[in-house]
Every structure is written in structure tokens, then in C-alpha cells.
Protein chains: 2
Amino acid sequence: MSDEPSTRDRLVQAATRLFRQRGYDGTGLTEILTEAGVPKGSLYHHFPDGKADLACAAADWTASEIIRVIDDSFRAAPDWRHGVTTFCYKMAKLFDILNSADACPIFGLLFEGPDHDRFRAQAEQSFDRIIAAAARYGQALGMPADTALDAAETFIIGFQGSWTLARTRRKSDVLRGLPARLYGPSS
Amino acid sequence: MSDEPSTRDRLVQAATRLFRQRGYDGTGLTEILTEAGVPKGSLYHHFPDGKADLACAAADWTASEIIRVIDDSFRAAPDWRHGVTTFCYKMAKLFDILNSADACPIFGLLFEGPDHDRFRAQAEQSFDRIIAAAARYGQALGMPADTALDAAETFIIGFQGSWTLARTRRKSDVLRGLPARLYGPSS
DNA sequence: TCATGATTAGACCAATCGGTCTAGTCTTTC
DNA sequence: GAAAGACTAGACCGATTGGTCTAATCATGA
């Protein structure tokens with residue numbers, strides 16, 4: 001019943017927020033430490049490899065958050081399109097809350113940084129977790145396994161592109177319009 | 001008939017390449033200068049605002065390159081789908097040449113950096129130029145203006161998402177598969 | 001030939017970067 | 001209540017950052 005998040009969690013969440021806003025290289029350790037209210041020693045205790053470790057933890061945490069939204073969107077969905085639509089609306093709302101300026105939670109977080117291949121591998125794993133989660137709902141809604149995987153990939157690809165365009169325009173409409181783009185005008 | 005690109009051009013192209021690989025904050029000025037073979041003084045002569053100016057020039061240059069590929073893909077295309085397909089194949093080839101590790105030319109370049117809103121505005125303009133170029137071909141192929149704009153947006157959104165996924169997987173297949181995703185299996 | 005503005009050249013700067021290290025403070029266990 | 005390990009605290013480090021500034025060199029037109 002702790003009301004305070006642990007030091008580790010505060011670090012991960014502060015890092016997530018800041019990486020999303022300014023990117024990996026754009027965010028200083030001091031900034032993260034200040035935001036989390038944690039001294040440097042603690043960081044290197046919980047994350048021996050420092051910034052890189054922290055970034056991977058942040059990516060992992062974000063992927064789980066996204067999957068949580070997927071779950072919330074698809075659990076009660078009568079069909080695939082409804083699930084996608086709910087997800088897009090939820091994310092559009094999040095986009096508006098985030099001041100319409102941040103990078104897409106997972107997608108923007110990775111790639112940069114010195115340890116290129118480690119980050120790439122982490123991103124690949126995060127992507128696959130998310131796609132697999134969506135594909136599971138596709139199957140549950142009656143699709144064959146490979147069709148579901150394909151539909152989930154298309155969905156996530158479209159979402160990623162839409163978020164980027166939404167960001168340049170600072171308008172969340174693009175996200176809400178994704179289902180119509182992918183599946184035609186709503187009947 | 002100069003065979004040597006100008007100092008300015010060498011700076012822009014070196015910056016483009018490096019920003020694409022390591023991002024804005026991840027790339028040091030010294031690195032750009034070394035790669036371009038240009039001393040610091042020249043940079044601040046051609047780009048008084050330094051790194052930020054250079055990044056905007058790089059973005060602009062890249063957008064023009066993309067539009068050139070769009071032109072090459074659509075000029076002789078018998079219909080919209082053919083144009084999109086050719087574009088995707090050309091970009092997949094580029095992706096392979098670039099070692100499958102770089103960010104998508106335009107899309108990854110921007111957003112970070114201190115002068116957030118300036119970069120955002122630059123990205124928006126680049127996006128719009130590219131979408132408008134594609135939409136023009138849509139109209140030329142018989143679509144009404146608003147349909148063409150919508151098709152172009154969907155195309156670019158899909159492309160952006162596909163490049164990202166291709167990057168995490170280090171496989172250009174995703175790019176080549178985009179037309180089938182958007183328009184169904186080829187007949 | 002000389003003068004002038006454009007351009008190149010790189011030494012130099014304060015600030016910040018990520019990371020290390022030692023000291024101290026909790027918490028747990030016997 | 002004492003010993004031991006988990007954790008916090010922050011001073012400190014060399015390297016690198018983007019940016020400034022002065023001096024030299026180049027091209028050009030009178």
C-alpha cells in the first residue's frame with residue numbers, strides 16, 4: 001500500500017517523459033535526476049549502465065502502457081474496426097493531454113544514442129510485443145493467425161505514421177481519422 | 001561546370017547524413033565539420049545561427065530529394081497504385097544502401113533540438129510539400145482534388161510507419177509490402 | 001596594383017555532458 | 001544492538017559540447 005512510487009519507478013517515469021520530449025541525446029542526466037528528485041548515486045545503483053539502461057527500462061515501461069491501452073480498447077470490442085477506433089480515440093486524447101508536441105511514446109524513444117544496436121533490438125522487441133498483443137485480439141475476433149498478424153502490423157504502421165503527422169501539425173484529428181483511412185468510411 | 005560541390009553544399013550534405021544516423025543532438029558540430037572538411041568559421045559564415053540553421057537547410061534539402069523520387073516514380077505511372085509501388089521499391093533500395101539503420105530521411109531529422117517550435121514548423125512545411133507533390137500526381141491521374149490530397153496523406157502516413165518498422169527489423173520488405181497493405185493484393 | 005568584401009582557418013571559451021567514487025544513512029537480520 | 005548489505009547523497013572528473021572571435025587568405029572590380 002505504498003503511496004510513493006519507488007525511486008526506480010520515479011526515475012523510469014521521469015526519463016520516459018523527458019526522452020519523449022527531447023529525445024535521448026537531448027536529455028541530460030541532471031535533468032532526469034532533478035525531475036525525479038533522485039541523486040546521481042541512486043541512478044547508478046539501480047541502473048549500473050547508466051543512461052542506456054534507463055532508456056531501455058523506459059522503453060519497456062512504455063510498451064507495457066501501450067499494451068494496456070490496447071487491452072482497454074479491444075477487450076469489449078464487437079469487431080476489429082471498433083477496437084482500432086477506440087484505440088485511436090484514446091491515443092488522440094493522450095496526444096492532446098501531452099500538449100501535442102511529444103514524440104510517439106515508443107517509437108520516438110529509441111534509435112539514437114551511442115549503443116545503436118542495443119537500442120534497435122529493444123525497439124524491435126517493443127514493437128513485436130505491441131503487434132502481438134493486437135494480433136491476439138484479431139484472432140479472438142475470428143481472424144486466422146496470419147491474417148490477424150498482418151492486420152495488426154498494418155494498424156501499428158498506420159498509427160505510427162499518423163502520430164508523426166499529427167505531431168507536425170499539432171492536431172490530433174489525424175489520429176482519429178486513421179480507421180477511415182485504413183478501412184474506408186464508417187458505415 | 002564546377003566538379004566540387006560548394007562549401008555550403010558539403011556542409012548540408014554531411015549534416016543530412018549524420019543527423020539521419022545519430023539525430024540532431026547526437027551529432028556534434030566537430031563531427032559534421034570533419035566529415036565535410038570545413039572549418040568552423042565557414043559554418044558560421046554560411047549559417048549564422050549555427051547548428052539549427054544547418055538542420056533546417058538539411059531538412060529542406062532532404063524534402064527536395066524525396067520529391068525528386070516522387071517525380072521519378074509517378075511521372076510515367078499509368079495509375080496511382082503503380083506510382084506508389086514504384087516509390088516504395090525505390091525507397092526500399094535506398095534503405096538497403098543506407099545500411100538499414102538510418103532514420104527516415106525527413107521524418108527522423110526533426111523534432112529534437114532546443115528550438116522546438118522552429119523545427120516543428122520546418123517539419124510541417126516539409127511534410128506538406130511532399131504530400132502536395134504526391135497529391136498533384138493523384139489529380140493528374142484523374143482524382144478530384146480532395147480525394148487526391150487524402151490519398152497522398154494516407155500514402156505518406158503509411159510510408160512513414162513502414163520505414164520505422166523496417167528500421168527496427170533491419171528488413172526493407174516492409175516497405176515493398178506497403179501497396180498491398182493499403183490497396184489490397186495486387187491483381 | 002591596390003582595396004574591399006567574402007570566405008576560410010582554427011585557437012579559444014564557458015557550460016554541460018555522462019560517469020566515477022567515497023561517505024553516509026537507512027533497513028533488515030541474527 | 002550490532003553487523004551487513006541496500007540504498008542515498010553529491011562532490012568531483014576529464015571530455016566534449018555549441019559558439020565566439022581574430023587573423024589570414026581569397027576573389028574581384030577599379
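Order of the sequence lines fixes the chain letters, A, B, ..., with proteins taken first and strands second; residue numbering starts at 1 for each chain. As a basis for the values below, the full set of heavy atoms in this structure was taken, side chains included, without hydrogen atoms, waters or symmetry mates.
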[N] phosphate, OP1 or OP2, under 4.0 Å from [X] side-chain N/O:
{"X": "A:Thr7", "N": "D:dT8", "result": "yes"}
{"X": "A:Thr30", "N": "C:dT16", "result": "no"}
{"X": "B:His45", "N": "C:dA9", "result": "no"}
{"X": "A:His46", "N": "D:dT8", "result": "yes"}

Between B:Arg10 (side chain only) and B:Ala36 (backbone N and O only), is there a donor and an acceptor less than 3.5 Å apart?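 Side chain of B:Arg10 to backbone of B:Ala36, a donor-acceptor pair under 3.5 Å: yes, one is there.
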For A:Asp71 and A:Tyr137, run side-chain hydrogen bond (donor to acceptor under 3.5 Å, both in side chains): C-alpha distance rounded to whole Å, both residues' side-chain angles, the deciding distance at 0.1 Å, then the answer. CA-CA 9 Å; A:Asp71 285 336; A:Tyr137 285 103; 2.5 Å; yes
For the pair made of [atom1] in [X] and [atom2] in [N], what is the distance, rounded to whole Å?
{"X": "B:Arg10", "N": "C:dT7", "atom1": "CZ", "atom2": "C1'", "answer": "12 Å"}
{"X": "B:Phe47", "N": "D:dG19", "atom1": "CZ", "atom2": "P", "answer": "13 Å"}
{"X": "A:Lys51", "N": "D:dT16", "atom1": "NZ", "atom2": "P", "answer": "15 Å"}
{"X": "A:Asp25", "N": "C:dG19", "atom1": "CG", "atom2": "C1'", "answer": "15 Å"}
{"X": "B:Lys40", "N": "D:dT16", "atom1": "NZ", "atom2": "P", "answer": "13 Å"}
{"X": "A:Leu29", "N": "C:dT20", "atom1": "CG", "atom2": "P", "answer": "11 Å"}
{"X": "A:Leu11", "N": "D:dT8", "atom1": "CG", "atom2": "P", "answer": "9 Å"}
{"X": "A:Leu33", "N": "C:dT16", "atom1": "CG", "atom2": "P", "answer": "16 Å"}

If we check ring pair (Phe, Tyr, Trp, His ring centres under 6.0 Å) with B:Phe87, which of these qualifies: B:Trp163, B:Phe74, B:Trp80, B:Phe155?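 Going through the options one by one, the only one that passes is B:Phe155.
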One pair to check against side-chain contact (heavy atoms from CB on, under 4.5 Å): A:Ile156 and B:Leu165. What are the steps and the verdict? CA-CA 9 Å; A:Ile156 295 302; B:Leu165 189 57; over 6 Å; no
Checking B:Ser64 against B:Arg129 for the side-chain hydrogen bond (donor to acceptor under 3.5 Å, both in side chains) test, could you report, in this order, the C-alpha distance in whole Å, the side-chain angles of both residues, the deciding distance, and whether it holds? CA-CA 9 Å; B:Ser64 300; B:Arg129 273 177 65 203; 2.8 Å; yes
Toward the 5' end of DNA chain C, which comes first, A:Glu31 or A:Pro48, by nearest nucleotide?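 It is A:Glu31, whose closest nucleotide lies nearer the 5' terminus.
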Which part of the nucleic acid, if any, lies within contact of B:Gly28, taking any heavy atom under 4.0 Å across all strands shown: a base, the sugar-phosphate backbone alone, or nothing?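 If one applies the 4.0 Å heavy-atom cut-off, B:Gly28 turns out to touch the sugar-phosphate alone, with no base involved.
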Have a look at B:Ser6 and say if it touches a base, only the backbone sugar-phosphate, or nothing, with a 4.0 Å heavy-atom cut-off.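 No contact at all - B:Ser6 keeps every heavy atom at 4.0 Å or more from the nucleic acid.
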